[in-house]
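Report on the following structure.
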Amino acid sequence: MERKRKLFVAKAAVILATIPVLLWAHEYGPDPGYCGVPNENGGGATGITCANSGCHIGTANNPANKGSITVTFPSGLTYAPGVKQHITVTIADPAPNQAAWGFQLTARVASTPSSMAGTFASTDSFTQVECSATNLFIFQPASPTCPANEPLEYVEHTLAGYTDSRGHTGSYTYQFDWTPPASSVGNVTIYVAANAATTAPPSS
């Protein structure tokens, strides 16, 4: 039996969007490559997130904001090769005007962040899996899996998820499945970025 290996979670900033329409522009989920993976979308060693991608504006999280992202794994921060896990992502912010929530997450081999570590699957209509080529310019929803020429996977909110999240204050939770690689790839880093935003009815 394969020995369990360690999971690391790299949390990108929770973004407090100050102009709701900027969240609506990505209410259907962000393009690939905005959850902080090193060198994705030209982001250098720390990667690009929704904080500086041009898709949202606002204040990046800091201790004064008290916003947070929590990724919960059923077996703690370990994985067994090929054994599916049901993951939850909780975005929280105590500010009473934060009432719309979104996220993007991926899993990478810790020693080689450009390499995927396993696959994702949605378990409800509130999340989706996006497939991408390594150049991040060619991408499409998984149907139901990603094609060989689009090996990168990201799980993120959908329009249905964003719509359901609207009006929830304090926090909101998304959930989905992650299946680690069939054989051990060593330690895995989970990259995640999320936003908490003000919300108002869209104009008709």
Side-chain angles (χ1 to χ4, degrees), residues 8-62 65 67-71 87-93 98 100-110 112-120 122 126-142 146 150-162 165 172-176 178 188-199:
F8 298 97
V9 180
K11 299 176 185 178
V14 176
I15 306 308
L16 312 180
T18 56
I19 300 181
V21 72
L22 294 177
L23 182 60
W24 300 339
H26 290 268
E27 77 277 17
Y28 48 81
D31 292 343
Y34 291 106
C35 53
V37 177
N39 299 311
E40 288 200 349
N41 280 314
T46 58
I48 286 284
T49 72
C50 52
N52 51 9
S53 67
C55 62
H56 297 288
I57 66 169
T59 304
N61 191 53
N62 61 51
N65 297 343
S68 65
I69 312 166
T70 303
V71 184
I87 310 299
T88 61
V89 173
T90 299
I91 311 150
D93 191 291
Q98 304 306 316
W101 313 85
F103 83 105
Q104 184 180 84
L105 179 148
T106 192
R108 302 298 175 85
V109 177
T112 313
S114 59
S115 298
M116 273 301 301
T119 59
F120 297 107
S122 296
F126 296 162
T127 67
Q128 63 188 338
V129 178
E130 190 138 45
C131 312
S132 177
T134 54
N135 64 12
L136 302 177
F137 297 137
I138 302 170
F139 53 91
Q140 64 181 320
C146 291
E150 296 178 22
L152 301 181
E153 291 190 19
Y154 303 84
V155 61
E156 59 193 38
H157 67 274
T158 60
L159 175 58
Y162 161 75
S165 82
Y172 188 81
T173 296
Y174 289 96
Q175 55 187 319
F176 50 88
W178 172 60
V188 168
T189 300
I190 304 296
Y191 293 92
V192 58
N195 54 31
T198 57
T199 184

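Just so you know, these numbers use all the heavy atoms, side chains as well, and skip hydrogens, waters and symmetry mates. The chain is numbered in sequence order, starting from 1.
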> With side chains defined as the heavy atoms from C-beta onward, is the minimum distance between Phe139 and Asp31 less than 4.5 Å?
Replying inline: yes
>> Quick one, Glu130 and Pro32 - any side-chain contact, counting heavy atoms below 4.5 Å?
In response: yes
> Between Tyr172 and Asp93, does a side-chain contact (heavy atoms from CB on, under 4.5 Å) hold up when you go through it step by step?
Replying inline: CA-CA 9 Å; Tyr172 188 81; Asp93 191 291; over 6 Å; no
> Taking atom types as modelled, is there a side-chain donor on Thr173 or Thr90 under 3.5 Å from an acceptor on the other?
Replying inline: yes
> Have Glu150 and Gln140 got a donor and an acceptor in their side chains that come within less than 3.5 Å?
Replying inline: yes
>> Can you tell whether the side chains of Arg108 and Glu153 come within less than 4.0 Å, N to carboxylate O?
In response: no
> Minimum heavy-atom separation for Gly33 to Leu136, with atom names?
Replying inline: CA-CD1, 4.2 Å
> Are a donor atom and an acceptor atom from the side chains of Glu40 and Tyr154 found within less than 3.5 Å of each other?
Replying inline: yes
> Taking it one step at a time, do Val89 and Ile69 satisfy side-chain contact (heavy atoms from CB on, under 4.5 Å)?
Replying inline: CA-CA 7 Å; Val89 173; Ile69 312 166; 4.1 Å; yes
> So, for Val109 and Ala117, which heavy atoms are closest and what is the spacing to 0.1 Å?
Replying inline: N-CB, 3.8 Å
> Are the side chain of Thr158 and the backbone N or O of Gly161 linked by a donor-acceptor pair below 3.5 Å?
Replying inline: yes
>> Once rounded to the nearest 0.5 Å, what's the spacing between atom CG of Leu159 and atom CD of Gln128?
In response: 9.5 Å
> Is there side-chain contact between Tyr191 and Pro38, with heavy atoms separated by less than 4.5 Å?
Replying inline: yes
>> Does any part of the side chain of Leu152, heavy atoms only, come nearer than 4.5 Å to the side chain of Thr106, both counted from C-beta?
In response: no
> Is it true that the side chains of Ser122 and Thr127 contain a donor and an acceptor less than 3.5 Å apart?
Replying inline: yes
>> Quick one: does any side-chain atom of Asn135 pair with a main-chain N or O of Phe137 as donor and acceptor, under 3.5 Å?
In response: yes
> Considering only heavy atoms from C-beta outward, does the side chain of Tyr174 approach that of Val155 to under 4.5 Å?
Replying inline: no
> Is the backbone of Val192 close enough, under 3.5 Å, to the side chain of Gln104 for a donor and an acceptor to pair up by distance?
Replying inline: no
>> Using only atom types and a distance under 3.5 Å, with no angle test, would you say the side chain of Trp101 pairs donor to acceptor with the backbone of His157?
In response: no
>> Is the shortest side-chain heavy-atom distance between Glu156 and Pro30 below 4.5 Å?
In response: yes
> Less than 4.5 Å apart, any side-chain heavy atom of Thr119 and any of Cys146?
Replying inline: no
> Phe176 vs Phe103 aromatic rings, parallel, tilted or perpendicular, using cut-offs 30° and 60°?
Replying inline: parallel
> Is there a side-chain contact between Thr88 and Val71, using heavy atoms and a 4.5 Å cut-off?
Replying inline: no
